[in-house]
Amino acid sequence: MNKIFLCQIDEIDEGEALRVECGVNGIEALAVFNLAGEFFAMNDRCSHGNASMSEGYLEDDGTVECPLHAARFCLKTGTALCLPATDTIQTFPVSIEADGLYVQMEGA
Ligand code: FES
């Protein structure tokens with residue numbers, strides 16, 4: 001596991017998301033979410049189609065809704081919670097150091 005810098009924590013307001021270019025393990029970009037001060041990271045590409053999850057709708061219950069066909073995913077596990085998506089979106093552990101946000105990824 002290697003640590004990759006994503007952004008400063010104040011770059012993502014509560015209830016917002018940011019797309020961060022990645023390029024590791026074939027993952028083009030990550031979607032990074034701030035849910036009430038807690039941060040989550042997942043592959044930015046929806047498991048159902050070509051949609052950017054960072055443009056999705058963040059819900060208070062810890063889920064994000066895809067902007068294209070409205071499938072919902074758990075922010076923590078990436079599990080698809082309703083159709084039309086059935087596949088999980090890969091998620092990554094996030095850590096904060098000196099106001100910087102980092103993600104842990106294999107092969108980085
Ligand atoms: Fe996300 Fe279809 S592209 S639900």
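All values derive from a computational prediction rather than experimental measurement. When reading the values below, keep in mind they use all heavy atoms of this one structure, side chains included, and skip hydrogens, waters and symmetry mates. The first residue in the sequence is number 1, and the count goes up from there. Whatever order the structure lists ligands and atoms in, that order sets their numbers, starting from 1.
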Exercise: identify the closest heavy-atom pair between L101 and I9: CD1-CG2, 4.0 Å
For atom 2 (Fe) of ligand 1, the nearest N/O/S atom on H48 is atom ND1
Flag H69 as yes if one of its N/O/S atoms falls below 2.8 Å of atom 1 (Fe) of ligand 1, otherwise no. no
For T63 and L81, the nearest pair of non-hydrogen atoms, with its separation, is CG2-CD1, 3.5 Å
Does S47 reach the main-chain N or O of I89 with its side chain, forming a donor-acceptor pair under 3.5 Å? no
Distance under 4.0 Å to a non-hydrogen atom of C66: what atoms of ligand 1 satisfy this? 1 (Fe), 3 (S), 4 (S)
Quick note on ligand 1: atoms under 4.0 Å from a heavy atom of G49 include exactly 3 (S)
Sidechain-backbone polar pair: D44 side chain, M53 backbone, donor-acceptor under 3.5 Å: yes
Minimal non-hydrogen separation, C82 against R72, with atom names: SG-N, 3.4 Å
Return the minimal non-hydrogen interatomic distance between L6 and Y102, and the atom names on each side. CD1-C, 4.1 Å
Taking only heavy atoms of A71 into account, list the atoms of ligand 1 that are under 4.0 Å away from them. 4 (S)
Under 4.0 Å between heavy atoms, the region of A85 that gets near ligand 1 turns out to be neither
For L68, counting its heavy atoms only, list the atoms of ligand 1 lying under 4.0 Å from any of them. 3 (S)
